[in-house]
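When reading the values below, keep in mind they use all heavy atoms of this one structure, side chains included, and skip hydrogens, waters and symmetry mates. Small disclaimer: the values here were computed from a predicted structure and weren't measured.
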Amino acid sequence: MQLTDKQLEIMAADGHLLVTGGPGSGKTTVSILKAAQIAERRLRPGQKVLFLSFARATVSRVVETIEYEQQIPREQKRRIDVETYHSFFWRILKAHGYLIGLPRRIDILTPPTEAIALSGIRSAYAAASKLTDAEKVEEEKEEKEAAERLRLARDDGAVCFDLFAPYVGDILHGSERIRRLLATMYPVIILDEFQDTNAEQWSVVQALGEVITLIALADPEQRIYDWIGADPKRLEHFRTAFTPAEVDLSTDNHRSAGTDIGVFGNDILKGKFRDEPYVGVQISVYPPNTNQALSALTTTTYEARRRLVDAGVKEWSLVILVPTKKMTRLVSDAFRSPPGGMTEIPHSAVIELEAAILGAEVIALLLQPDTDGSHFERFITLICNYFHGKGGDTPTKSALSEATRIRKAYGEQLACLASGKALRKNSVLVAMLAVYGEARELALTGDPDEDWRAMRRLLEDGACPRLKEIANEVRNIRMLERGTQLRQALSQDWRDSGAYRNALVIIRQAFVREHFSTNAKPETGVLVMNMHKAKGKQFDEVIIFEGWPIKRKGQPPYNADRIVRFNSRDKIDDQTRQNLRVSVTRGKRHTTILTPRGDPCVLLLEDG
């Protein structure tokens, strides 16, 4: 690539450095070239440059860019490590956590497992909307959850992701020797998406910056993690602490060059739009009812897909971004069975995976033989875990009650077995036992993919609605492609003993590895995801699709699933503007916004 004058400034700079710029301004690409330059000129044998980012998608993209960057010799490529903040923190914590009182052996408390561990506390509270003094009770609940997380870490060595940064900060601030050790390994660290660091992560950065050269990459207008503690003053904190050289790339746009996508994104922040059209940006309205809304989205997706194919774009990507998790599923279901008999749209949906992961554990156990007579008890435990943990940080009361109901029914079943009585016919366990019996009789082949699908289909086709739900969730996991570590591990397990004796352990280990993996393939084809999931990614085309007011007899319209809450002007803030700008600017060639006729997104209207 031909470097601009500003990018050449970055290449010439020494010491701490702050690089700012908008989406597609070339921050990441030039930082990779800078890392290669440092590897060539400054590093001693065994030393590396470390590139840290929040999102695995960004990490994967950076790894791919390094691999295919022709200007960087192979030896220099080998001297650039790329990983997530979480992965880096975990390595420090695992090696040195004992210094702050953690057990010598610690493990990761994954989000689904954390949700299960905290379900007892959460089930004791009503939903916030039903509380008389909601804020006070919510604060009390959060304090109890925080105390339990600390107890799990200290007593059980089970450390949740939210504790990684605070614990690592304690380690680094408490030990100059460890700081020096890290500086010997990584004399330079590049901090991607620096504007999104929270207070605990900033504390780690402060400790590292005492002995390590830091290069911070930031978009001041792309701060979308305020809800987890990102501070709008973070760049000022960096300036005060390290007095870095600064380079501003805000006028550059390499991602969507030749379009006005970046300009439109900036105008969203201002709330002021020009009269002439924006090249590469289209705003369309649809009739505000379910069938016509989804029909409009389907035909818009056909058109975008056709544009990319006709343009000869190789390995093209087209993403549909929606404001809520609920809409991700709605759109995915609509693409599988479009309204009006239209042709199905093959796609991948990116969803919250807590439910799918916990459902996968149920299927993994069903593949295992019963070696000690406790198989059904473990099966019930995993199903209860599913309902405790499927909602992540925000479990529904109905899901928690479902777990309680199943556990109680299991107790009744044990009492019936002990007394020789029959289980009552309306027990929730009746259908579950029937499907479980069928699963125990399923003939397995030793082909993990074939056996997994057969077990999932058995649950889908069975008479138990709870197991049907689990099977449907597991459809969203695609970890058994040929050649993956998971498939190989399950195959080896079968070869060793003629059965999947360790399927549950293998599945759990695979999900932990997946969280830290940097080997994700670039996303191609049609994708559907929540707007927040798009951060750090880029696509050839973007379609943003929001919900519409639903009329209710004798009541105000139900107006959820909007980009701005209830599509109300008084709900507009910097966060909502930044969220839409991030989504718009993911597009390289074209961005379309679909909004309801008669009640368009208020962010697309001029400020008063």
Could you give me the CA-CA distance, side-chain angles and deciding distance for Leu99 and Ile178, then say whether side-chain contact (heavy atoms from CB on, under 4.5 Å) is met?
CA-CA 11 Å; Leu99 294 173; Ile178 294 174; 3.4 Å; yes
Output for pair (Ile66 CD1, Arg78 CZ), nearest 0.5 Å, gives 13.5 Å
Of all heavy-atom pairs linking Ala207 and Arg179, the shortest is O-CD, 3.4 Å
The reported gap from CZ in Arg466 to OH in Tyr386 (rounded to nearest 0.5 angstrom) is 11.5 Å
| request: Look at the side chain of Ser119 and the backbone N and O of Ile116, then say whether any donor-acceptor pair between them is shorter than 3.5 Å. | output: yes
Rounded to the nearest 0.5 angstrom, the CD1-OG distance for Ile38 and Ser31 is 9.5 Å
Original post:
Does the side chain of Thr324 come under 3.5 Å of the side chain of Asp561 through a donor N or O and an acceptor N or O?
Top reply: yes
What one should report as the nearest heavy-atom pair of Val505 and Gln368 is N-OE1, 4.5 Å
dist Glu193:CD -> Lys27:NZ (nearest 0.5 Å) comes out at 9.0 Å
Between the side chains of Thr110 and Thr113, does any donor sit under 3.5 Å from an acceptor? yes
Give a yes or no on whether a salt bridge exists between Lys397 and Glu402, defined as a side-chain N under 4.0 angstrom from a carboxylate O.
-> no
- prompt: Are side-chain heavy atoms of Ile215 and Leu18 found at a separation under 4.5 Å?
  reply: no
- Query: Are Gln201 and Thr197 close enough, and set up right, to give a side chain to side chain donor-acceptor pair (under 3.5 Å), and what steps lead you there?
  - Reply: CA-CA 6 Å; Gln201 292 156 348; Thr197 49; 5.3 Å; no
Shortest non-hydrogen pair, Lys94 vs Ile106, comes out as CA-CD1, 3.9 Å
Checklist entry - With a 4.5 Å heavy-atom cut-off, do Leu382 and Arg378 have their side chains touching? => result no
Taking every heavy atom of Ala349 against every heavy atom of Ser332, the minimum-distance pair comes out as CB-OG, 3.7 Å
query: Is a side-chain donor-acceptor pair under 3.5 Å present for Gln578 with Asp574?
result: no
_Candidate pair Ile380 and Met432, rule side-chain contact (heavy atoms from CB on, under 4.5 Å), full reasoning_ = CA-CA 9 Å; Ile380 292 296; Met432 199 175 289; 4.0 Å; yes
(message) Can you confirm whether Val62 sits close enough to Thr28 that some side-chain heavy atom of one is under 4.5 Å from a side-chain heavy atom of the other?
(response) yes
Point to revise | Derivation and outcome, salt bridge (Lys or Arg N to Asp or Glu O under 4.0 Å), residues Arg562 and Glu546 | key: CA-CA 5 Å; Arg562 303 302 299 268; Glu546 67 168 342; 3.1 Å; yes
- Query: Okay, side chain of Ser175, backbone of Ile171: is any donor-acceptor separation there less than 3.5 Å?
  - Reply: no
### Pairwise side-chain contact, Val188 with Ile212, heavy-atom cut-off 4.5 Å (strictly under)
no
Evaluate the side chain to side chain donor-acceptor pair (under 3.5 Å) criterion for residues Ser203 and His173: first the C-alpha distance (whole Å), next the side-chain angles of each, then the deciding distance (0.1 Å), finally the verdict. CA-CA 8 Å; Ser203 176; His173 283 285; 3.0 Å; yes
message: Distance to the ring centre below 6.0 angstrom and angle to the axis at most 45 degrees; does that hold for Arg586 and Phe539?
response: no
*More than 12 heavy atoms of other residues, nucleotides or ligands under 6.0 Å from NZ of Lys468: is that the case?*
yes
> Can Arg501 and Asp496 be said to form a salt bridge (Lys or Arg N to Asp or Glu O under 4.0 Å), step by step?
Replying inline: CA-CA 9 Å; Arg501 289 186 177 275; Asp496 289 344; over 6 Å; no
* Give the intermediate values and the outcome of side chain to side chain donor-acceptor pair (under 3.5 Å) for residues Ser427 and Gln413. => CA-CA 9 Å; Ser427 169; Gln413 189 225 12; over 6 Å; no
Exercise. Do Thr213 and Ile189 touch side chain to side chain, with heavy atoms closer than 4.5 Å?
Worked result: no
Is any side-chain heavy atom of Val528 less than 4.5 Å from a side-chain heavy atom of Val350?
no
With distance as the sole test, does Thr585 use its side chain to make a donor-acceptor pair with the main-chain N or O of Val582 at under 3.5 Å?
yes
Here the gap from Phe194 atom CZ to Leu214 atom CG, rounded to the nearest 0.5 Å, amounts to 8.0 Å
Rounded to the nearest 0.5 Å, the CH2 atom of Trp452 sits from the CG atom of Leu366 at a distance of 9.5 Å
**Item:** Residues Arg234 and His237: side-chain donor-acceptor under 3.5 angstrom
**Value:** yes
For a 4.5 angstrom cut-off between non-hydrogen side-chain atoms, does Tyr186 reach Val49?
no
- Test side-chain contact (heavy atoms from CB on, under 4.5 Å) on Val322 and Met531 and set out the steps. CA-CA 6 Å; Val322 295; Met531 291 165 69; 5.8 Å; no
Heavy-atom count around Arg565 CZ within 6.0 Å, excluding the residue itself: above 12?
-> no
Worksheet item: Do Tyr167 and His96 get their side chains close enough for a donor-acceptor pair, meaning under 3.5 Å?
Response: no
Item to complete: If the plane angle is over 60° it's perpendicular, under 30° parallel, otherwise tilted; pick one for His375 and Tyr436.
Response: tilted
Apply salt bridge (Lys or Arg N to Asp or Glu O under 4.0 Å) to residues Lys390 and Glu473 and explain how you reach the verdict. CA-CA 10 Å; Lys390 72 171 187 170; Glu473 286 291 348; over 6 Å; no
Handout entry: Short N-O contact, Glu148 and Arg151, less than 4.0 angstrom
Key = yes
When Tyr85, Trp90, Phe88, Phe89 are each screened for ring-ring contact (aromatic ring centres under 6.0 Å, His included) with Phe164, the one that passes is Trp90
(request) Step by step, work out the side chain to side chain donor-acceptor pair (under 3.5 Å) result for Asn579 and Thr576. (result) CA-CA 5 Å; Asn579 289 350; Thr576 56; over 6 Å; no
Worksheet entry | Sidechain N-carboxylate O distance under 4.0 Å for Arg508, Glu361 | yes
Checking the side chain of Asp156 only, and the main-chain atoms of Ala158 only, is there a donor and an acceptor separated by less than 3.5 Å? no
Plane angle bin for His16 and Phe238 - parallel if under 30°, tilted between 30 and 60°, otherwise perpendicular
perpendicular
The residue among Leu52, Leu50, Val63 that forms side-chain contact (heavy atoms from CB on, under 4.5 Å) with Val82 is Val63
